[in-house]
Amino acid sequence: MQQLVEQLNAQIPLEGYLTVAAIMFAIGAWGALIRRNAVVVFMCVELMINAVNLTLVAFADFLPGAGGAGAGYTVLIIAIAAAEVAVGLAIVLAIFRTRRTVNIDEVDSLRG
Amino acid sequence: MTLGLLQQEIGYGVLYLYVGAFILLVVGFVASVLVLARLIAPSRPSETKRRVYETAETSVTDPWRPFPVRYYVFALLFLIFDVEAAFLYPWAVVYRELGVYGFVEMVVFVLILGAGLAYAWKKGALRWV
Amino acid sequence: MALEYLEQEPWRFLISSATVIFLVLNIAAVLTLAERKVSAYIQLRYGPNRVGPRGLLQPAADVVKLFIKENVSPGRADRWVFLAAPIAMFLPAAAVWLVIPFGPGMVVADLNIGLVYFFAITSIGALGVIMAGYGSRSNFSLLGALRGAGQMISYEVPLILSLLGVAMLTGSLSMVDIVEYQAGGFWNWIIWPQLPMFLAFFVSGLAEVKRIPFDLPEGESEIVGGFMIEYSGMTWALIQASEFASMAVMSAVASTLFLGGWQPPLPFLDLGVFNWLWLGIKTTLLIFVFQWIRWTLPRLRMDQLMDLGWKILVPVTILWLFVTAGAMLVI
Amino acid sequence: MPVSGEAFLGLLPELVATGFLLVVLLGGVFAGPRSEALVAALAGLGTLASFAAAAGLLAAGFSGTFFGGGYAVDPFALYFKLIITATAFFTVIAAARWAERTGDAPEYMTLIIAVALGGMLLVSMRDLFGVFLAVELATIPSYAMVAFDRRRRESAEGGMKYLITGVIASSFLLYGIVLIYGVSGSANLSRVAEAFGEGLSPVAIVGLVLMISGLAFKVSAAPFHFWTPDAYQGAPTSAAAFLSVAPKAAIFAALLRILLDGMPQAAPTWTALMAVIAIVTMFVGNLLALRQSNVRRMLAYSSVAHSGYILAAFAALQGDAVSSGVQAVMIYSAAYAVMNLGAFLTIDLVGEEAKSFNGLFATRPMLAAAMAVFMAALVGIPPLSGFFGKAWVIYAGAGSGSALVYVAVAALVVNSVLSVPYYFGIIRNMFQEEPVSAGGPAKKGDGGVAFTVYAMALLTALFFLGVGPLAALAAGSGLL
Amino acid sequence: MITTATIFIPLLGAILVLLLRGDERLVRYAAIGVAAVPVLLALYIYFAFGDDLDAPALSQELTWIESLDIGYRVGLDGIGFGMFFLSALLTLIAVVASWDIRENLGFYFALLFLAEVGMLGVFASRDLVLFYVFFEITLIPMYLMVGIWGDENRRAAAIKFFIYTFLGSTAMLAGFLALGVLSGTFSIPELGEAGGLSRAAQIAIAVPVLFGLLIKVPAVPLHGWLLDVYVSSPVSTNVVLSGVLPKLGTFGILKIAIPLLPDGVEPFLPYLAVLGVINIIYGAFVAFLQPDLKALVAYSSIGTLGFILLGAASANAVGYNGAVFQQVAHGLYSALLFLLVGIIAARTGTRRISELGGLAARMPWAGGLLALGALAAMGLPGLAVFVSEFMSIMGGYTTYPVQGVLAALGIILSAMYLLYMLARVIFGPIREPAYEQIGDAGPVEMAAVVPLAALLLVLGFFPALLISVQRPAVEAVLAAIGGG
């Protein structure tokens, strides 16, 4: 048990966090670029932003002298992500009202 | 007191493990209750039972269609104030150390949000029609 | 020193967790009876009095009945969402207990962000309601669920804002610290400087747990049960249980944050390890107030409900936030 | 960390803008439904006051850094604040009547001020997270501006495309910033510079590339340009005009500060990157612009091309040319602001199809002359404003002493020629074609737009008179 | 100050004619009045400062972009003065000759005056950036003049003209800026004195600069834009287009490329001479094949421009003087020929050589002057062109014998096609009965062409009138590049 606790409290190496975050980011980016449903794209973007937040918090925890700066920035980033999604959903709603679809490929009156 | 001290000693990594474990425990428990009920309870399905209940009338519309937009407005407002809280709580915790500067800063911050609320109010976004 | 206890730690956790779940279920069960009894006394009736002495075994009978009842689900429902909804609703009612200190040192997990944990877990409830309404694929369900979601997220805002004062005064988000802060007698309880906040919290809490006069998602007389219309048998039982349990949670949190938690009202009433009794008493009182309100007030209209939340509670909490901040600066 | 009085003084333009933002929003809503004139007046006053504050600080030679070195108010920043507030002011004038017709004038004006505010903060940021915040403050309202016109369905569509690409780009930018933060241990540019001085780790390079990609997205540099035409075509004209000018200038300024203050040691890496991006961007913008018959799209691709020209100046930020490269970006931003604002707004008075410009000289000679001035300026004919921008880029490139930059400069020359057909297509339509009989260019514009167009035409044409002082200002900008 | 006034008076004129609404006659008179002012001022300068163009009264310097040492610096010298005067004169003549312009007359004159600002400015500027700015100012007015008032082919012609010359000038600008950044100044006199650039740098700069200037001339492989524009333009535009615009290029070579980049241009000089010869011979051959009278004149013009290149490449006093002189001579005769072609075409309704014939009988004056122009073009002694072509060939022969001989051969070729043209158009029987009715050139037309013819004769007999002015400047250049 003591061992378990020690393991749990022993720091997961920074690389661990970074790798997980990078994978999350990649999945999010991949999804955001290939998915056609606007709402799903937003979800993917959220995934990307949260991957970044994870990276940030990990850095903040590991960097000597970073203090609470990293965590503080995370809160700001969350707020910004919320704002992005709020505006995004409003626009998607406007699109849906006129076209009854949120599929990006079907929204194509602008071309050239 | 001993247990509290203990938790400080063992650190937060374990505490969050507890949270996760507890949530799993609850979910597992509830799920097993459902399974148990399924095993015990009788099951005699019929077409009528499978219909949707709508005060003695057959349902004519499918509820899976777009929601009225007003829900969305409230969701947005909630989002704004919820995120605001994320800023206010850290501020609140260390408020004693901040002094006048912290007070003024918070007043400005909250007033700007208040302006948002006033705007929404005046625009009728808070009216449930 | 502490490391000696480490060997016991998993057992402590398992036992305390099981206790909490047991507690939650029992509270829910007891409250079903209490609800009916209170309502009966308010309405000058007897209430359940057949099963066991004074009807005390009624909850057990109910459980048995519900266990053997058929579980009917609508044919076109989204099965998994439908089944997951009760879990999602039960979870917050149970998980908040994790951070509530029952007595000195008696807490399952003393998170340093207990308050934030409380909000986070509570807001899962709204998700459960939406899942129930959406998963049922019934008009009434969805109507109720949407109302519920609108109501719960709207009242989440004053709920969160109303606890800011607590955080400011105590300088901590840990429930344990907050209770410690209120030691020394009832005049030290946070309710006194934070009375408007407490009222806001209490009203929002009522709305959060969808109790009358805020039971629009359920709205028996108009949408005949709302989001839980399609549930029956054990799934219905779970929803009911979680409703009662969340009422208890809300009361317990209110007691902890505003009424001193396990702290005795007067210093000489310190019961030592049995201080959890004080928490129990306070919580019970608050639950009684919940029930009292339920059987006294009529249901609000949706627009009244929203107005109350956004146009009264939110401004009031913001105002009192300024007052608190200013007062702390001056004093 | 109390804020000193000096910081309040330095933040005056931003504070004024913030105050007016709230006043415009609430004033517009609370003053009742028929208060559009008041709203426009307030918004105009706000941007003007902000401009005056920035100008005052600049005149007083104000300079200082605040918030732990994270926010710099120096002539460089103030110069860009002047550009931003001035374009915001003219946009407000041009948009006043239009916004009135939509019925949501307070919101539109608020968005304009918000974008301007974001831009103003951005040009002063010396902290990478601050940069991100300011970029978002400038772009999130701009999504709403693009999607603002509810009467045209293209508007929401353009807004959605802009938004989706924009938020993805923001994520890239943010990831890059976080990685750089992780490598440096701080997001403050001074600390970043110290950390980068000790050598570039792979993580730092990844961060740098991600960050530059994110910012390149926002200035519609290729290969991240594809949102530009859709967004500008869908957007209300005033929004397209403003967004193609002010936020872009701000992002270029921020990029300059980040690269020069934050990672001078990595210059070989990013100048090479910039050179490649610049060359590709120019060609993509011009080649695609050649195919457009819609003037909005044409101008959108033209703005892509101009981003390429400006990025060429970034490539030149090496050797002896650093100072002249900075000047090139500064001069180009101002030059581009006046000419592009005018060119876009002319669409409001004429029409968005190239054909609607036919015979404009016969029907409205003054307007045709103004548009000809804009087109010629965009090509880079002296002594109009665009010429000085391009000349400065070439000047900087010539002094850089790098072969890759010479290639970029050569590409700039070739692209300037490549752009002649589409800009002069408009001139040809105006002067050489017969007016279209049906409907024709008789679209009734309003006074505010016309005023702005003529003002911009005048500024574009007389830019050469002011270029001397501007250059002096740029040379003493304080950056480096 | 007086130079600045001369340059910018046409700008005021442009505004004036735009503001004048209504009577076409009034506009014409106003335009003539405005256009006459620079001519008079130039004449005043000639007589007052003819032997001392460096006089402080003529030059002016204002700071413009201090940080890069770019300034508004103007002043005259011998190399530019001839063209300075000619630009003013040809603009006046173009105004007089604008009889075929009916629509939007005021706007046409405004553009013409704007172009005049640019032309005068180029020949007077003493700053590289200013030079470039003036160089480009001519572009848009010329584009619009061709594009609006030209014939059916005007759209393509105008844009082609623009793209070609813009490509050239932008490349030239890059060269100028590189020169400025390396030298630290853009002042032409200072650059002439400083000179310290390495040979490699000079070559690197000379390439784009020469490229740009040669397109403007145009030297033969780069002349693709010329024919369409010349043929499509209205007559009065032709006067300026052929009389002045090519000289912007040659002047750039004579005044900037060779003196400021001596080492950079030096390796290219033989090729420049070759290009000149190619121009001469190619122009002559192709002119031979043209069925269109205007096209024939256009190619003849290309041919004679070759002598300027040859003379410039010679890098000796005779050749260089010839080149400078040839700029003016070419301007005079080509403007004359284009005007006469216009007059003839207006009367006969055609420009096809095969459809013309025997015009001398009905139009003795116009026909005679056409003959005079053609004789000037083939370098008949006694006319201005002879002087300069002879000097260019002599100078060229000294340095590059082969090219010199070939150039002389070119004169013979040009004589052949010009005489052939004259024989077909002026002499012989009257080809169409309709031609019996046509009359000779009217007084306005005569007013436009006679001064040119007169100047051709005057300069032919008294070349010293101009050479004395240009000689000091040429000698200064040659001293600077070490030729002699």
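A note on names: the letters A, B, ... follow the listed sequences, proteins ahead of strands, and every chain is numbered from 1. The figures here come from the full heavy-atom set of this structure, side chains too, leaving out hydrogens, waters and symmetry mates.
Ranked by heavy-atom pairs under 4.5 Å with chain D, the first of A:Gly88, A:Ala29, A:Cys44 is A:Gly88. Looking only at heavy-atom pairs under 4.5 Å with chain A, the residue among D:Ser293, D:Ser171, D:Pro141 that has the most is D:Ser171. Most heavy-atom pairs under 4.5 Å with chain A: of the set D:Ser186, D:Ala144, D:Ala156, D:Gly182, this distinction falls to D:Gly182. Contact count against chain A (heavy-atom pairs under 4.5 Å) is highest for D:Asp127 among D:Thr165, D:Ile177, D:Asp127.
Ring-plane geometry between A:Phe25 and D:Tyr175 is classed as parallel, the angle between the planes falling under 30 degrees on a 0 to 90 degree scale with a further cut at 60. Taking the six-membered ring where the residue is Trp, D:Phe129 and A:Tyr73 present parallel rings, their angle staying beneath 30° rather than reaching 60°.
Each of A:Val52, A:Asn53, A:Thr74 was evaluated against D:Val178; a single residue qualifies, A:Val52, per the side-chain contact (heavy atoms from CB on, under 4.5 Å) test.
Heavy atoms of D:Asn188 lying under 4.5 Å from chain A are absent altogether. Contact annotation for D:Leu163: only side-chain heavy atoms (C-beta onward) come within less than 4.5 Å of a heavy atom of chain A. For D:Leu179, the parts lying under 4.5 angstrom from a heavy atom of chain A are both the backbone and the side chain. Neither the backbone nor the side chain of A:Ala90 comes within contact range of chain D; no heavy atoms are under 4.5 Å apart.
The CG atom of D:Leu174 sits 7.0 Å away from atom CD1 of A:Ile49, with the distance rounded to the nearest 0.5 Å. To the nearest 0.5 Å, the span separating CD1 on A:Ile91 from NZ on D:Lys161 amounts to 13.0 Å. In this structure, CG in A:Leu76 is found 9.5 Å from CZ in D:Phe132, a value given to the nearest 0.5 Å.
Nearest heavy atom pair, residue D:Ile164 against residue A:Ala38, reads CD1-CB, 4.2 Å.
Within residues 80-87 of chain A, the residues approaching chain D closer than 4.5 Å by heavy atoms are, in numerical order, A:Ile80, A:Ala83, A:Glu84, A:Val87.
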